[in-house]
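Read the structure below first, then the notes.
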There are 2 protein chains.
Amino acid sequence: MGRSQAFETDHVVRAAREVFWSSGYESASIPALEAATGLNRSSIYHAFGSKRGLFDAAVQSYLDEVVRPRLRPLVTDDVAPDALVGYLGGLRAALGRAHEIQGTSGCLLVNTSGAPIARDDAVRRTVSDYRAELRDALRRGVVAALPDADGAEADRLADVCTALVISAFTLVRVDPPSALHCLDTAAALLDDARDR
Amino acid sequence: MGRSQAFETDHVVRAAREVFWSSGYESASIPALEAATGLNRSSIYHAFGSKRGLFDAAVQSYLDEVVRPRLRPLVTDDVAPDALVGYLGGLRAALGRAHEIQGTSGCLLVNTSGAPIARDDAVRRTVSDYRAELRDALRRGVVAALPDADGAEADRLADVCTALVISAFTLVRVDPPSALHCLDTAAALLDDARDR
DNA sequence: CCACTTGTGCAACGACCGGTTCAGAATAGA
DNA sequence: TCTATTCTGAACCGGTCGTTGCACAAGTGG
């Protein structure tokens, strides 16, 4: 019983996500979150407890709706040989688009890692887990692309690809061409390794 | 004639640099800058014109006193073969220390690149130039370490090392072991390339 | 139909910040 | 001494944070 919620929680969280993504946690003002979500101040607090609660929900939504869908082809039971190249290409297109549509560019979590909120242990763990998840997925892609590679070589390639992807996220806001070049480098490395 | 400045500009800028480094531009409050520099609000405005002016001075100081000294061995006339390895080792030690001494960890400019102030064109250019300077220096180190490598190979290694270094800066705040692993990977890549 | 539960809107709170400006005190050299 | 420069303390306006209180609207189960 009782009145039912008038808003779609998912929509609200998505809208808040955009704000956090483009402004960062600290600079995301409550009025901005109100405007983006269409919710009133007190409804936000009622539903999420605090600004931080809304942020946590936004991060989860980012992982579930942005990060993981993109990684899915890399974590299925049998990964296609060209899955990693596909991932890099998709990311390239996304970063290229983000250049035009300014605002939500780069990666919410990479942006967060340099912000003051990254001092919070829970946030640190979230970002660190995200990196691990990314690296594991990329490693699976490497193994699928290079079935003859040994474990150490796959590890190394996965590490390098992860760094290139993270760098691309870091750079896309200040120097988009360099960011894209990072992704191209990753693809080229894969090619080289296949040839050899 | 007239009263003379009672503070050492360099000291003040260094103190402000620490604040911006650990809090980011947006979250560095004027009171915090006052406390760190020992200057009065109005003295800051008198000397630097604005919060932004102080930030710009802090960034210059960061480049001149933190970044470039570390890169110097890589940009001399004849670079030692082990200069790049030395750079990576030095950085490793610095990032390890930064883990204990929390606050100024990572890289001021990498942290800045994900913050709202990175929307400013001048800031974007500064960060982008910094990346280029870093890459050029690393490339010189690669060439010195691998005199037999051709240009394309040096380019590729320089790109990858740059990404690994930037990733290390990004990660050190949230996951120091992974950050150090990035630097180790760069050193290992260099070793591999030498053997081959 | 009505009581009860829950969501919503509006307003306000105290404390802080940004970014700046101003008048006035202090200090140096001519 | 006087003049130029600097330093200091205080104040300004408009804004934000993060939260809470309260009255009202709107559904739900009995």
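Letters A, B, ... are given to chains in the order of the sequence lines, protein chains preceding strands, and every chain is numbered from 1.
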Going by modelled atom types, is there a donor-acceptor pair between the base of C/dT20 and the side chain of B/Arg41 at under 3.5 Å?
yes
Check this for me: does any side-chain nitrogen of one of B/Arg139 and B/Asp159 sit under 4.0 Å from a carboxylate oxygen of the other?
no
Do the side chains of B/Arg140 and B/Asp78 get close enough for a salt bridge, i.e. N-O under 4.0 angstrom?
no
Give one of base, sugar-phosphate or nothing for A/Ala32, where a contact means two heavy atoms less than 4.0 Å apart.
nothing
Expressed as a whole number of angstroms, how long is the span from [X]:[atom1] to [N]:[atom2]?
X       : N      : atom1 : atom2 : answer
B/Phe7  : D/dT5  : CZ    : P     : 16 Å
B/Ile30 : C/dT21 : CD1   : C1'   : 14 Å
B/Glu34 : D/dC7  : CD    : P     : 14 Å
A/Leu39 : C/dG9  : CG    : P     : 8 Å

Where along residues 42-59 of chain B does a heavy atom come under 4.0 Å from DNA chain D, residue by residue in number order?
B/Ser42, B/Ser43, B/His46
For D/dC7, does either OP1 or OP2 sit under 4.0 Å from a side-chain N or O belonging to B/Asn40?
no
Distance only, no hydrogens: is a donor on one side chain within 3.5 Å (strictly under) of an acceptor on the other, for B/Asn40 and B/Ser43?
no
If every non-hydrogen atom of A/Leu164 is compared with every non-hydrogen atom of B/Ala163, which pair is closest and at what distance?
CD2-CB, 3.5 Å
Test applied, side-chain contact (heavy atoms from CB on, under 4.5 Å); reference residue, A/Ser113; option that passes from B/Val110, B/Leu171, B/Val172, B/Thr170:
B/Thr170
Value for CZ (B/Phe169) from CG (B/Leu108), rounded to nearest 0.5 Å, stands at 10.5 Å
